[in-house]
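Only one structure is covered here, and it is reproduced in the block below.
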Amino acid sequence: QIISSRFVKEIVKLKGDIKKFTTKSTIKSLKDKYKYLSLNIAGASSGLDMDKKIVDMLENLEIKEDVKLHGFADHSLKEKLFNMSDIFVYPTKNDAFPLVLLESLSFGLPVISTEIGAIPEIIDHGITGKIINDDVNDFANNIAQLIENEIEFQAMSKKAIEVFNHRYKMSIFEDNFKEALQRIVSK
């Protein structure tokens, strides 16, 4: 749900390198450019020390009110966050087959993520999202590209749902999952 042709209302991010993503060159620079942008971070906490560091960092960047830390996301919270979001950002450094990407596709969210594990098997680069380097500038640039290009955003959103329905419905998911894991193991 695009607010206007130039602003994405919400970005949801569940899991990954939160500290890197909330640095000045990512969310702060995007927030400065796109005033209606906000970020939801959900997932298992890394502990009170890390949570405090993140809150302190957000306060120092003066973007605390635009970033919501939700902690663990049960099914109900994930569904709520997916429904209110436009883009799913997944800056992971270590994951095999993140099922949360399938969930995000089912909600029509273009995904921006790193080329780790089976992520390139799940996300079709340039079609259902962007597979990028593990670089804060790449994240910021690709988010900005989707914000500024409503036609690309809408096409990826529509294709995300189509891909989910054709590849990952329960009736065909199991076979596709086995094939993807076999391709990863054979690399």
> Rounded to the nearest 0.5 Å, what separation is found between the CD atom of Glu174 and the NZ atom of Lys178?
Replying inline: 4.0 Å
>> Using side-chain heavy atoms (C-beta onward) and a distance below 4.5 Å, is Tyr90 in contact with Ile119?
In response: yes
>> Measuring only between side-chain heavy atoms, which start at C-beta, is Lys33 closer than 4.5 Å to Glu148?
In response: yes
> Is the shortest side-chain N to carboxylate O distance from Glu179 to Arg167 below 4.0 Å?
Replying inline: no
> Between OG of Ser186 and CG of Leu181, what distance do you get to the nearest 0.5 Å?
Replying inline: 10.5 Å
> Taking atom OG of Ser85 and atom NZ of Lys78, what is their separation to the nearest 0.5 Å?
Replying inline: 13.0 Å
> With sequence neighbours left out, which residue pairs that include part of residues 106-126 fulfil the ring-ring contact (aromatic ring centres under 6.0 Å, His included) condition?
Replying inline: Phe82-Phe107
> Is a donor on one side and an acceptor on the other found under 3.5 Å between the side chain of Lys169 and the backbone of His166?
Replying inline: no
> Under a single-linkage definition using a 4.5 Å side-chain heavy-atom cutoff for Ile, Leu, Val, Met, Phe, Trp and Tyr, are Leu99 and Leu105 assigned to the same hydrophobic cluster?
Replying inline: yes
> Can you find a pair of side-chain heavy atoms, one from Ile112 and one from Asp138, that are under 4.5 Å apart?
Replying inline: no
>> What I'd like to find out is whether the side chain of Pro98 reaches to under 4.5 Å of the side chain of Thr92, using heavy atoms alone.
In response: no
> How far apart are the closest heavy atoms of Gly108 and Pro110, and which atoms are they?
Replying inline: O-CD, 3.4 Å
> Any side-chain heavy-atom pair from Leu77 and Phe72 closer than 4.5 angstrom?
Replying inline: no
> Under 6.0 Å from the NZ atom of Lys159, do we count more than 12 heavy atoms belonging to anything else shown?
Replying inline: no
> Hey, mind stepping through Leu37 and Ile147 against side-chain contact (heavy atoms from CB on, under 4.5 Å) and telling me if it holds?
Replying inline: CA-CA 10 Å; Leu37 183 74; Ile147 291 171; 4.1 Å; yes
>> Please evaluate residues Thr128 and Phe164 with respect to the criterion side-chain contact (heavy atoms from CB on, under 4.5 Å), reporting the C-alpha separation (whole Å), side-chain torsions for both, the decisive distance (0.1 Å), and the verdict.
In response: CA-CA 10 Å; Thr128 60; Phe164 176 80; over 6 Å; no
>> Applying side chain to side chain donor-acceptor pair (under 3.5 Å) as the test, list every pair that has at least one member in residues 112-122; sequence neighbours left out.
In response: Glu121-Arg183
> CD1 of Ile41 to CG of Leu81: how many Å apart, nearest 0.5 Å?
Replying inline: 11.0 Å
> Short question: side chain of Ser157, backbone of Phe153 - any donor-acceptor pair under 3.5 Å?
Replying inline: no
>> Are Ile161 and Val100 linked, directly or through intermediate hydrophobic residues, by side-chain heavy-atom contacts shorter than 4.5 Å (ILVMFWY only)?
In response: no
> Taking all non-hydrogen atoms of both residues, which atom of Ala118 and which atom of Ile184 are closest, and how far apart?
Replying inline: CB-CD1, 3.1 Å
> Step by step, would you call Tyr34 with Ile143 a side-chain contact (heavy atoms from CB on, under 4.5 Å)?
Replying inline: CA-CA 11 Å; Tyr34 309 107; Ile143 291 167; over 6 Å; no
> Between Ile151, Ile87, Leu146, Ile127, which is the residue that forms a side-chain contact (heavy atoms from CB on, under 4.5 Å) with Met156?
Replying inline: Leu146
> Within the distance-only criterion (no hydrogens, no angle test), does the side chain of Asn141 pair as donor or acceptor with the backbone N or O of Asn137 below 3.5 angstrom?
Replying inline: yes
>> Between Phe97 and Leu102, is the side-chain contact (heavy atoms from CB on, under 4.5 Å) condition met? List the steps.
In response: CA-CA 9 Å; Phe97 195 95; Leu102 303 182; 4.0 Å; yes
> Which distance, rounded to the nearest 0.5 Å, do you find between the CD1 of Ile122 and the OG of Ser104?
Replying inline: 9.0 Å
